[in-house]
Amino acid sequence: MTSYLFEPHPRPAAAVLGESAAFPVHRIFCVGRNYAEHAKEMGFQVDREAPFYFLKSATTLVPSGETIPYPPGTDNFHHEMELVFAIGREGFRIDRGHALDHVYGYACGLDMTRRDLQLASREKGRPWDFGKDFERSAVMGPITRAEAFGAPSGRVIELTVNGETRQKANLDDLVWKVDEIVAHLSGYYRLQPGDLIFSGTPAGVGPVVAGDSLRGTIDGLEPVELTIGPAE
Ligand code: MN
């Protein structure tokens, strides 16, 4: 048993619908520009050759229902509503036909983004971390087990801010489907139980301000809710 110089941080974990045990989170992968209309609003065409990714630290995870402070260093804090899927079985170079066997479940997530910092780093060809991987930036509702949810297709995905719809699309609009992402990503990483994948956001991303209430839904899943508090 290792002894530590100070108390280690608690392991990030996500709630699972109908389970008293939590899902321990290992890594958070995020897919970029995975809806054609969102790619367009960001000034790009979708690249059909291969998906691309960025990561968020597992420690950025926040459960649904929290109030988070408006983050430091930004004047353009954006919502990105996303389907999240959770890996429950280890796999390397998984073929597409077996990909969904590795998915433990699905959840509603918010990939909160410091858009001004992301765009500044994008322009300079620098990493996106300051725009994407910061404290309390990955928000997630409880996981619904894959058997209970069914196929990750044909569902409406929607985000409201203060009751007004900001993002609305269908999971069928995903450029890279869940099985394709699992197959592709597992060629570069040994996927592990506890890995989460944020699958990308539809069009309609935009700023939030202190006092805003966000509510993201996907048919068949528990919603994700977030309130923005004042800056610290
Ligand atoms: Mn995103």
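Counting starts at 1 for both ligands and their atoms, in listed order.
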Should the pair Lys40 and Tyr35 be classed as cation-pi, given the thresholds of under 6.0 Å to the six-membered ring centre and 45° from the axis?
-> no
Do the charged groups of Arg166 and Glu158 touch, with an N to O distance under 4.0 Å?
-> no
Cation over ring, Arg115 on Phe77, under 6.0 Å and within 45°?
-> no
What protein N/O/S atoms sit under 2.8 Å from the Mn ion (ligand 1), by chain and number?
-> Glu80 OE1, Glu82 OE2, Asp111 OD2
Indicate the ring-plane relationship of Tyr188 and His184, choosing parallel, tilted or perpendicular according to the 30° and 60° boundaries.
-> tilted
Would you mind telling me which of Val84, Val178, Leu83, Ile87 makes a side-chain contact (heavy atoms from CB on, under 4.5 Å) with Ile197?
-> Ile87
Would you call Asp179 and Arg96 a salt bridge, taking side-chain N to carboxylate O under 4.0 Å as the test?
-> yes
